[in-house]
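What follows is a single structure, written as structure tokens, with notes after it.
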Amino acid sequence: MSDANPPADVVDHLRAQHQQISAVLAQLRSAPSIARGELFEQLVSFLTVHEQAERQVVAPYLDWQVPLVPGWRPVLAELAQGGVADPAFRPRLEALCGTFAEHTAYVEREEFARLRRSVPGDLLRRLAEQL
């Protein structure tokens with residue numbers, strides 16, 4: 001009997017992380033200043049975990065030379081330095097949203113497909129366990 005829902009693999013996990021990060025970005029975009037602090041901390045945590053997963057678990061199998069989420073660290077530093085009530089917070093957040101959207105579109109379209117073509121399914125499932 002075949003399993004209708006095979007175990008999740010590393011690509012599924014990374015896509016779920018993309019969705020999580022996108023959801024926090026959307027919440028941050030619409031949140032009043034008073035609610036942004038906790039959401040911002042959550043965003044930093046999610047981005048750090050996600051970058052680490054892509055860099056340490058996925059990149060070695062793709063010989064990745066592409067910046068993972070290019071430019072996010074300086075923007076996050078600027079956001080943190082100015083604080084969530086800073087008038088520059090929203091424009092900087094919009095820049096980060098654009099950068100992340102580009103990263104997500106490219107990685108999901110190109111790199112995840114390449115990963116699934118070049119790495120056996122059982123290994124992709126084992127890699128998910130490392131996340």
Side-chain angles (χ1 to χ4, degrees):
M1 183 184 297
S2 70
D3 188 354
N5 295 317
D9 66 19
V10 71
V11 172
D12 296 327
H13 280 277
L14 292 171
R15 280 195 172 122
Q17 287 179 351
H18 284 167
Q19 291 170 352
Q20 238 180 352
I21 293 166
S22 293
V24 172
L25 284 167
Q27 290 173 343
L28 258 171
R29 289 170 104 174
S30 63
S33 295
I34 197 161
R36 289 184 197 151
E38 186 176 323
L39 287 168
F40 182 70
E41 288 176 20
Q42 192 176 33
L43 175 66
V44 172
S45 175
F46 286 170
L47 280 170
T48 301
V49 167
H50 180 69
E51 182 188 40
Q52 184 176 26
E54 286 187 342
R55 188 176 303 282
Q56 294 179 353
V57 178
V58 176
Y61 291 92
L62 294 176
D63 190 29
W64 241 351
Q65 301 302 320
V66 177
L68 300 177
V69 181
W72 73 269
R73 286 182 187 269
V75 174
L76 282 180
E78 290 172 1
L79 287 166
Q81 184 178 12
V84 295
D86 186 329
F89 184 87
R90 283 206 189 272
R92 289 179 180 144
L93 181 63
E94 291 302 320
L96 182 62
C97 287
T99 298
F100 187 73
E102 289 173 14
H103 162 80
T104 299
Y106 171 75
V107 169
E108 289 190 4
R109 182 184 63 247
E110 302 293 331
E111 300 299 339
F112 288 173
R114 189 162 65 105
L115 188 63
R116 282 206 165 129
R117 281 192 312 269
S118 62
V119 178
D122 61 328
L123 179 55
L124 291 176
R125 286 186 291 282
R126 286 197 312 271
L127 290 172
E129 295 169 5
Q130 295 179 31
L131 301 182

Could you report the tightest heavy-atom contact between Pro87 and Pro91, atom names first, then the distance? O-CD, 3.5 Å
Atom CG in Leu28, atom CG in Leu39: separation rounded to 0.5 Å? 5.0 Å
For the residue pair Phe112 and His18, categorise the inter-ring angle as parallel (less than 30°), tilted (30 to 60°) or perpendicular (more than 60°). parallel
Between the CD atom in Glu129 and the CG atom in Leu124, the distance rounded to the nearest 0.5 Å is 11.5 Å
Are Phe46 and Gln17 side-chain neighbours, meaning at least one heavy-atom pair lies under 4.5 Å? no
Among Gln56, Gln52, His13, the one residue meeting side chain to side chain contact (heavy atoms under 4.5 Å, CB included) with Leu131: His13
Any side-chain heavy atom of Ser118 sitting closer than 4.5 Å to one from Tyr61? no
Arg90 side, atom CZ; Leu79 side, atom CG - distance, nearest 0.5 Å: 11.5 Å
Looking at side-chain heavy atoms only, is the closest gap between Val24 and Phe40 below 4.5 Å? no
Any donor-acceptor N/O pair, Arg29 side chain to Glu94 backbone, under 3.5 Å: no
d(Gln20 CD, Leu43 CG) to nearest 0.5 Å is 11.0 Å
Val10 versus Val57: any side-chain heavy-atom pair under 4.5 Å? yes
Does one side chain, of His50 or Glu54, offer a donor that lies under 3.5 Å from an acceptor on the other? yes
When clusters are formed by joining ILVMFWY residues with side-chain heavy atoms under 4.5 Å apart, either directly or through shared neighbours, do Leu123 and Leu14 land in the same one? yes
Hey, what do you get for SG (Cys97) to CD1 (Ile21), rounding to the nearest 0.5 Å? 11.5 Å
Write down the atom of Ser22, the atom of Phe100, and the distance for their closest heavy-atom approach. OG-CE2, 3.5 Å
Between Ala85 and Ser33, the two heavy atoms sitting closest are CA-OG, 4.2 Å
Quick one: are Glu38 and Glu41 in side-chain contact, heavy atoms under 4.5 Å? no
I'd like to know if the side chain of Arg114 reaches the main chain of Leu62, judged simply by a donor and an acceptor atom lying under 3.5 Å from each other, with no hydrogens or angles considered. yes
Can you spot which of Arg116, Arg125, Arg126 makes a salt bridge (Lys or Arg N to Asp or Glu O under 4.0 Å) with Asp9? Arg116
Atom pair CG (Leu96) and NE2 (His103), whose distance is rounded to the nearest 0.5 Å: 11.5 Å
Note, Arg92 side chain near Asp86 side chain (heavy atom, < 4.5 Å): yes
With a 4.5 Å limit on heavy-atom distance, are the side chains of Val58 and Leu127 in contact? no
